[in-house]
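The block underneath contains the structure these notes are about, expressed in structure tokens.
All chains are named by letter (A, B, ...) in the order of the sequence lines, taking the proteins before the strands, and each is independently numbered beginning at 1.
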There are 2 protein chains.
Amino acid sequence: MTRTADGEQAPEDVLVALADPIRREVLAMLARSGGATSTSLAAGLPVTRQAVAKHLAVLDRAGLVRAHRAGREVRYEADLQPLKQTMRWMDALATQWEHRLDAIKELAEEDTRP
Amino acid sequence: MTRTADGEQAPEDVLVALADPIRREVLAMLARSGGATSTSLAAGLPVTRQAVAKHLAVLDRAGLVRAHRAGREVRYEADLQPLKQTMRWMDALATQWEHRLDAIKELAEEDTRP
DNA sequence: CTCTCGCGCAACCAAGTGGTTGCGCATTGA
DNA sequence: TCAATGCGCAACCACTTGGTTGCGCGAGAG
């Protein structure tokens, strides 16, 4: 799981992770089952175990899954907290940008006013 | 701007668009200035006009910018609506997944209970 | 009318991504 | 103990992406 210098979760990794349909499907499967291995996940997907393992690595970098070793198995669980964090980040961006756009619109109206 | 069959904005395009730092910077510049051309945007970025034009195409596919031709210039404006839509989509996903995880946790507790 | 400026298109390139196969290692169940 | 299972690593492949340069065209300014 990569983190920024100030300890904040990097929202970019979450966006990248969520941009892929297979990774979203993996997350959905993990949420449905409450935990699974790369092998069991691959059984329900049109790709090989290794491909799933790579996707899980991306999800792990984003903090969206956590791996627990249990004997010779590695069980993955979903963690939705980075998702919520990213939503807050997006909300802050949207608000900020919208305020600027509103201010500009206001200025434009002032121009048309005599 | 690509749309899904049911007329809904594809959230995937927004995620992909937002995952790139330069595209976020372009959006921020558009929000700050209220509209700009690929040439003027490139002046404030470490890439060429053509690279900016490609980024603008990605943003346009996501519906995050709209292009208006004015003489020989093409002016781009930011549109934040797809962003809000994507946030709602993410919120729905998070809620849905969280409910599943909660239900599973409940079952686990029931197991430990005699 | 002509020169300039902004844009679009195309070719090209390096690096990244998503996928595969093959193999070796460790754990485990019979 | 030993065969089977699950995993990790590495090589390799096709395709995408982000970037460049070069060129031609159309609209405006002089």
Side-chain angles (χ1 to χ4, degrees), chain A residues 1-2 10-30 33-78 82 86, chain B residues 1-2 10-30 33-78:
Chain A
M1 181 190 331
T2 55
E12 171 151 347
D13 289 349
V14 177
L15 292 178
V16 170
L18 247 47
D20 186 279
I22 288 205
R23 283 194 288 268
R24 286 198 300 272
E25 179 62 27
V26 166
L27 263 190
M29 290 171 85
L30 287 179
S33 65
T37 67
S38 57
T39 305
S40 68
L41 286 168
L45 290 169
V47 293
T48 59
R49 169 185 64 89
Q50 282 85 345
V52 173
K54 288 187 187 181
H55 284 302
L56 283 170
V58 175
L59 289 168
D60 183 66
R61 257 192 303 146
L64 289 165
V65 300
R66 270 188 319 273
H68 301 280
R69 176 133 230 154
R72 68 179 158 185
E73 288 191 344
V74 177
R75 179 151 242 93
Y76 288 87
E77 293 177 14
T86 301
Chain B
M1 181 190 326
T2 53
E12 171 152 349
D13 289 349
V14 178
L15 292 177
V16 170
L18 246 47
D20 186 278
I22 289 205
R23 283 194 288 267
R24 286 197 300 271
E25 179 62 26
V26 166
L27 262 190
M29 291 170 85
L30 287 179
S33 64
T37 68
S38 58
T39 306
S40 68
L41 286 168
L45 290 169
V47 292
T48 60
R49 170 185 62 89
Q50 282 83 345
V52 174
K54 287 188 187 179
H55 284 303
L56 283 170
V58 175
L59 289 168
D60 183 65
R61 256 193 303 147
L64 289 165
V65 301
R66 271 188 317 273
H68 302 280
R69 177 133 230 154
R72 67 179 158 185
E73 287 190 340
V74 177
R75 180 151 242 93
Y76 287 87
E77 291 177 15

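- Atom P of nucleotide D/dC9 and atom CG of A/L56 are separated by 14 Å, given to the nearest angstrom.
- Atom CZ of B/R24 and atom CG of B/L27 lie 10.0 Å apart (nearest 0.5 Å).
- In this structure, A/T48 reaches the C/dT20 phosphate: one of its side-chain N or O atoms is under 4.0 Å from OP1 or OP2.
- If you take CG of A/D13 and P of C/dG16, they are 15 Å apart, rounded to a whole angstrom.
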### Task
Could you check A/V26 against A/L30 for side chain to side chain contact (heavy atoms under 4.5 Å, CB included), going step by step and ending with a plain yes or no?
CA-CA 6 Å; A/V26 166; A/L30 287 179; 4.2 Å; yes
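- B/H55 and B/R23 are linked by a side-chain donor-acceptor pair at a separation below 3.5 angstrom, with hydrogens and angles left out of the test.
- Atom CZ in B/R75 sits about 16 Å away from atom C1' in D/dA27, given to the nearest Å.
- Annotation: side chain of B/E25 is not in contact with side chain of B/D20 (no heavy-atom distance under 4.5 Å).
- If you take CZ of A/R61 and C1' of C/dG18, they are 13 Å apart, rounded to a whole angstrom.
- Along DNA chain D, the nucleotide closest to B/I22 and the one closest to A/S40 are compared, and the more 5′ of them pairs with A/S40.
- Looking at heavy-atom distances under 4.0 Å, B/R23 makes contact with sugar-phosphate atoms alone, never a base.
- Residue A/Q50 has its side chain nearest to D/dA10 when only D/dG18, D/dA10, D/dG6 are considered.
- For A/H55, no side-chain nitrogen or oxygen approaches OP1 or OP2 of C/dT17 to under 4.0 Å.
- Between the P atom of C/dT28 and the CD atom of A/E73 lies a distance of 10 Å, rounded to the nearest Å.
- Using a 4.0 Å cut-off, no side-chain N or O of A/T37 falls inside it from OP1 or OP2 of D/dG6.
- What separates NZ of B/K54 from P of D/dT17 is a distance of 11 Å, to the nearest Å.
- Between the C1' atom of C/dG24 and the CZ atom of A/R49 lies a distance of 12 Å, rounded to the nearest Å.
- Rounded to whole Å, the distance from CZ on B/R72 to C1' on D/dC25 is 13 Å.
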